[in-house]
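To start, the structure under review is shown below, and the notes come after it.
Note that the structure is a prediction, hence the values are computed from the model and not measured.
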Amino acid sequence: MRTLKVKSSRTRSRSPVQKRGSPSWKVETTLRRFWSNMFIKLGLVAGIVIAFPALLWWAEYPQRFGHFVVHSMVSATGHIGFCLSDVLVEGRQNASIETILKVVNARRGDPLLSYDPYKLKKQLEEISWIRQATVKRQLPGIIYIQLNERQPVALWQHQQRHYVVDEQGVVISEDNLQAFDKLPIIVGRDAPVHAPHILHLLEKFPDIRTRITALVRVGERRWDLHLDRTLQIKLPEANMEEALVRLDLLIKQKKVNPKEVTVVDLRVKNQMVMRLSPGAAMRLKGKGKET
């Protein structure tokens, strides 16, 4: 007898056929068209290529790596002998050496290349006394600093305090004023700005300049000079040099005696008004009665 062999057939599972026009068919068709578009694929790849480095940059990984490389190179120069051994400062007169060294923050033995000359220059020029600074690294181990300091020309009296003022009208400092007690005192809110001009003008008249004890700015328009602490000179707002010429001539001719005259008013051109001291006025009055 023959044995009948029954062939077992495997049934394949098929996904249900999407009916044309159904919502699921539309979604699948849209996705296929989307992914088949070459420009969209290139755009996605380009976006990933750009976004990944940007993400790394935002996380500061390149900066950290760059700082690590620079720090390693600077440290290596220190190991081969380029270490800080001294700080040389030239041109310093009034700026505090302690303040300068604090700004430099010098530590003997540090790699010389770890000090940035440009950064040190900017920090030094923030010190009120220093107008300009030059900073250089001199191998193998010196930081060289050349200073151009501000030159004090007057003491500004303001709100019961005194401040040093330089030749450009810059207010410098209010510390250690004992060394500048021979400078003329200027008074007035805008006095520092205008003082350099009149002080430069007074250099032409040394007989006046040496006797000045104070310059008072009046109404933010003109100056009153105080000579020998007792004599007040009222200068005009305009033609100030012409008035100083007249005053210089009076002084040289000894026609202005501080013991007898308290005020000389030169505000009006070609006119001079003097105010006598009480003693001189009494003597002049007495002589008038005798006549």
Does the side chain of [Y] come within less than 4.5 Å of [X]'s, by heavy atoms?
X: Ser85; Y: Ile142; value: yes
X: Ile127; Y: Val103; value: yes
X: Leu201; Y: Leu244; value: yes
X: Ile172; Y: Val165; value: no
X: Val261; Y: Leu231; value: yes
X: Asp265; Y: Ile233; value: no
X: Ile198; Y: Met240; value: yes
X: Arg222; Y: Pro236; value: no

Less than 4.0 Å between a side-chain N and a carboxylate O, is that true for [Y] and [X]?
X: Glu241; Y: Lys204; value: yes
X: Asp166; Y: Arg150; value: yes
X: Glu125; Y: Lys121; value: yes
X: Arg211; Y: Asp207; value: no
X: Arg189; Y: Glu220; value: yes

If you round to the nearest 0.5 Å, how far is [atom2] of [Y] from [atom1] of [X]?
X: Ile100; Y: Leu120; atom1: CD1; atom2: CG; result: 12.0 Å
X: Arg92; Y: Ile145; atom1: CZ; atom2: CD1; result: 11.5 Å
X: His162; Y: Ile186; atom1: NE2; atom2: CD1; result: 10.0 Å
X: Ile130; Y: Gln123; atom1: CD1; atom2: CD; result: 11.5 Å
X: Asn257; Y: Ile251; atom1: CG; atom2: CD1; result: 11.5 Å
X: Arg209; Y: Leu199; atom1: CZ; atom2: CG; result: 5.5 Å

Trp156: partners by ring-ring contact (aromatic ring centres under 6.0 Å, His included), with sequence neighbours left out: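 In terms of ring-ring contact (aromatic ring centres under 6.0 Å, His included), with neighbours along the sequence ignored, Trp156 is linked to His158, Tyr163.
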Please identify each residue that fulfils ring-ring contact (aromatic ring centres under 6.0 Å, His included) with Phe180, with sequence neighbours left out. Trp129
State plainly whether one hydrophobic cluster holds both Leu155 and Ile212, where clusters connect Ile, Leu, Val, Met, Phe, Trp and Tyr through side-chain heavy atoms under 4.5 angstrom apart.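 In one cluster: no.
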Given side chain to side chain contact (heavy atoms under 4.5 Å, CB included), test Arg246 with Leu266 step by step and report yes or no. CA-CA 8 Å; Arg246 295 165 57 197; Leu266 300 173; 3.8 Å; yes
Tell me whether Arg107 contacts the main-chain N or O of Asp110 through its side chain, where contact means a donor paired with an acceptor under 3.5 Å. no
Does the Gln132 side chain pair with the main chain of Glu149, one donor and one acceptor, at a distance under 3.5 Å?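 No.
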What is the minimum heavy-atom distance between Pro152 and Leu183, and which atoms define it?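 Shortest heavy-atom separation between Pro152 and Leu183 comes out as CB-CD1, 3.9 Å.
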